[in-house]
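I have placed the structure first, in the form of structure tokens, so that the comments after it can refer back to it.
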Amino acid sequence: MKQAILITFSILHWFSVTGQNQVEMKWKINANDTLIYTTVMEQIDSSYFEADFGGVFSAIIDSTSDEHANKAKTMMKEINNAIGKTQYAVRLLKPKANLINIEMFTIDEKQPINLSDTQDQKETEMIKSFQQMIKGVVLRGSIFDNGTIHSFWIKRAQKNLIAMLFELPGKKVRVGDTWSLTTNLIGNDQNFVCDSSYYKNEVKLVDVKEINGDQIAVLKYDLKEYVNGVFNMPNMFGQGGSKPTIMSFGFKGIAEFSIDKGRWVSYDGVMFGDATGVMNTKQRVKYALFEQDNN
């Protein structure tokens, strides 16, 4: 008798843990509505990027005058500064049942690049052309309303961004459950030979709380990709060879999703990137979403 009671209690406890506390996160946008988020993507500390393909670029630069090399570096700095000042927004709309279209676009005129007095007309036009390239829609993709990726055809970097900002588990989950995003932060070709690697792709439901009658799911993001190996540089200008290379990229963040309203209440994260070898880079980029009032 006691054994039967214990078995019954265990079964009831199992059902209460596995079923009752499960929640389902889905995007809820009406057919005639548009959900818009102001999107923050900004450097939060100093960053840099350099490439070193076995001296290939060095050979090219060495064949030019110091004056031209300095002009090229100055132009790239001005372009990078302009990108850092760009402000974006993302619109989500529902073209058909179960599908959400996503468009990221610039929301203000580009801050003019401060052109140096030594730049000629050709260089000025080149920078202005670049300004035009980063206006308007800069990302276009789609997800299903359960948060899984629909636009499988887009470029890897754009799919990464959509996945980090808008992908949901696509199934019922309970506190403590984890799932992965459709991201691939590091991409090398056949020239890279990997010696060691580490991969973590985890989003975790850490809490479900109630605020003013609204169920809020709290998500924690922890993504990291690391590779250590050798990059075999192509033999150009007699500058081939191998270069030890380390790459480490990832993302950490906390977000709150309204289960009842089907949208983010808050979203904050930091993308980081560190690499040495074939490229030397250090980046820390803040990501945040703020819902706009469409009324």
Side-chain angles (χ1 to χ4, degrees), residues 1-31 33 35-37 39 90 92-94 97-100 102 141-152 159-185 198-225 250-271 286-291:
M1 182 69 179
K2 288 183 178 180
Q3 186 176 6
I5 293 174
L6 287 173
I7 292 174
T8 302
F9 177 79
S10 298
I11 293 173
L12 291 174
H13 176 72
W14 183 85
F15 274 111
S16 68
V17 170
T18 59
Q20 194 173 34
N21 294 330
Q22 286 186 325
V23 296
E24 184 176 21
M25 290 172 277
K26 296 183 69 174
W27 289 97
K28 297 178 182 178
I29 302 174
N30 295 327
D33 291 342
L35 177 60
I36 299 179
Y37 287 100
T39 308
V90 179
L92 285 75
L93 48 92
K94 193 169 187 176
N98 303 324
L99 192 64
I100 307 294
I102 298 172
S142 51
I143 56 176
F144 295 103
D145 59 5
N146 69 354
T148 57
I149 300 293
H150 171 258
S151 53
F152 62 87
K159 185 186 288 186
N160 285 343
L161 192 56
I162 288 177
M164 286 192 301
L165 296 180
F166 301 106
E167 189 174 6
L168 298 174
K171 60 184 179 181
K172 291 183 178 182
V173 292
R174 60 180 181 271
V175 173
D177 283 351
T178 62
W179 60 93
S180 299
L181 297 182
T182 312
T183 56
N184 181 199
L185 305 180
Y198 172 81
Y199 180 85
K200 184 176 185 179
N201 186 322
E202 182 179 285
V203 186
K204 184 175 184 179
L205 179 62
V206 295
D207 192 16
V208 176
K209 57 187 179 181
E210 186 171 321
I211 300 178
N212 297 325
D214 188 10
Q215 269 195 311
I216 306 295
V218 183
L219 280 57
K220 182 180 179 181
Y221 293 77
D222 189 3
L223 283 67
K224 185 175 182 181
E225 298 180 17
F251 179 79
K252 290 184 179 293
I254 290 287
E256 296 187 351
F257 189 87
S258 170
I259 297 170
D260 298 306
K261 297 178 181 178
R263 60 193 61 194
W264 292 124
V265 175
S266 65
Y267 183 100
D268 290 282
V270 175
M271 170 75 77
K286 175 181 173 62
Y287 285 80
L289 296 172
F290 302 94
E291 183 179 350

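Computed from a predicted model, the values in this text were never measured in an experiment.
Between atom CD of residue Gln22 and atom CG of residue Leu205 there is a gap of 10.5 Å, rounded to the nearest 0.5 Å. One distance of note links CD1 of Ile100 with OG of Ser142; it measures 9.5 Å at 0.5 Å rounding. Distance CD/Glu202 to OG1/Thr178: 4.5 Å, rounded to 0.5 Å. Rounded to the nearest 0.5 Å, atoms CD1 (Ile254) and CG (Leu219) are 8.5 Å apart. The structure places CD1 of Ile162 at 8.0 Å from CD1 of Ile143, a figure rounded to the nearest 0.5 Å. Distance check, rounded to the nearest 0.5 Å: CG of Asn184 to NZ of Lys159 gives 9.0 Å.
Annotation: side chain of Thr39 is in contact with side chain of Leu289 (closest heavy-atom distance under 4.5 Å). Contact check for Tyr267 versus Glu291: no side-chain heavy atoms found under the 4.5 Å cut-off. At least one side-chain heavy atom of Leu181 sits under 4.5 Å from a side-chain heavy atom of Tyr221. Side-chain contact between Val173 and Val23 is present, with at least one heavy-atom pair separated by less than 4.5 Å.
The shortest non-hydrogen separation linking Ser151 to Gly141 is OG-CA, 3.5 Å. Across all their heavy atoms, Gly250 and Met271 have their closest contact at O-SD, 2.9 Å.
Partners of Glu256 under the salt bridge (Lys or Arg N to Asp or Glu O under 4.0 Å) rule, at least two apart in sequence or in another chain, are Lys209. Remark: Thr182 pairs with Glu167 by the side-chain hydrogen bond (donor to acceptor under 3.5 Å, both in side chains) rule, at least two apart or across chains. In this structure, the salt bridge (Lys or Arg N to Asp or Glu O under 4.0 Å) partners of Lys252, at least two apart in sequence or on a different chain, are Asp222. By the side-chain hydrogen bond (donor to acceptor under 3.5 Å, both in side chains) test, Asp33 pairs with Asn30, sequence neighbours left out. Checked against side-chain hydrogen bond (donor to acceptor under 3.5 Å, both in side chains), Asp214 has the following partners two or more places apart in sequence or in another chain: Ser258. Residues satisfying the side-chain hydrogen bond (donor to acceptor under 3.5 Å, both in side chains) criterion with Asn201, sequence neighbours excluded, are Thr183, Tyr199.
For Tyr37 (side chain) and Trp264 (main-chain N/O), a donor-acceptor pair under 3.5 Å exists by modelled atom type. Checked by atom type and distance alone, the side chain of Trp27 pairs as donor or acceptor with a backbone atom of Phe166 at under 3.5 Å. Side-chain atoms of Asp260 come within 3.5 Å of backbone atoms of Gln215 as a donor-acceptor pair (strictly under, hydrogens ignored). Judged by distance alone, the side chain of Lys171 and the main-chain N or O of Asn146 form no donor-acceptor pair under 3.5 Å.
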Next on the checklist: Set out, in order, the CA-CA distance, both residues' side-chain angles and the distance that settles side chain to side chain contact (heavy atoms under 4.5 Å, CB included) for Ile216 and Val208, then state yes or no.
Outcome noted: CA-CA 6 Å; Ile216 306 295; Val208 176; over 6 Å; no
Item to check | side chain to side chain contact (heavy atoms under 4.5 Å, CB included) evaluation trace for Tyr287 with Asp268 | outcome: CA-CA 6 Å; Tyr287 285 80; Asp268 290 282; over 6 Å; no
Next on the checklist: Could you go through Ile102 and Val90, starting from their C-alpha distance and side-chain angles, then the distance that decides it, and tell me whether this counts as side chain to side chain contact (heavy atoms under 4.5 Å, CB included)?
Outcome noted: CA-CA 7 Å; Ile102 298 172; Val90 179; 3.6 Å; yes
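Around NZ of Lys204, the count of heavy atoms belonging to other residues, nucleotides or ligands within 6.0 Å does not exceed 12.
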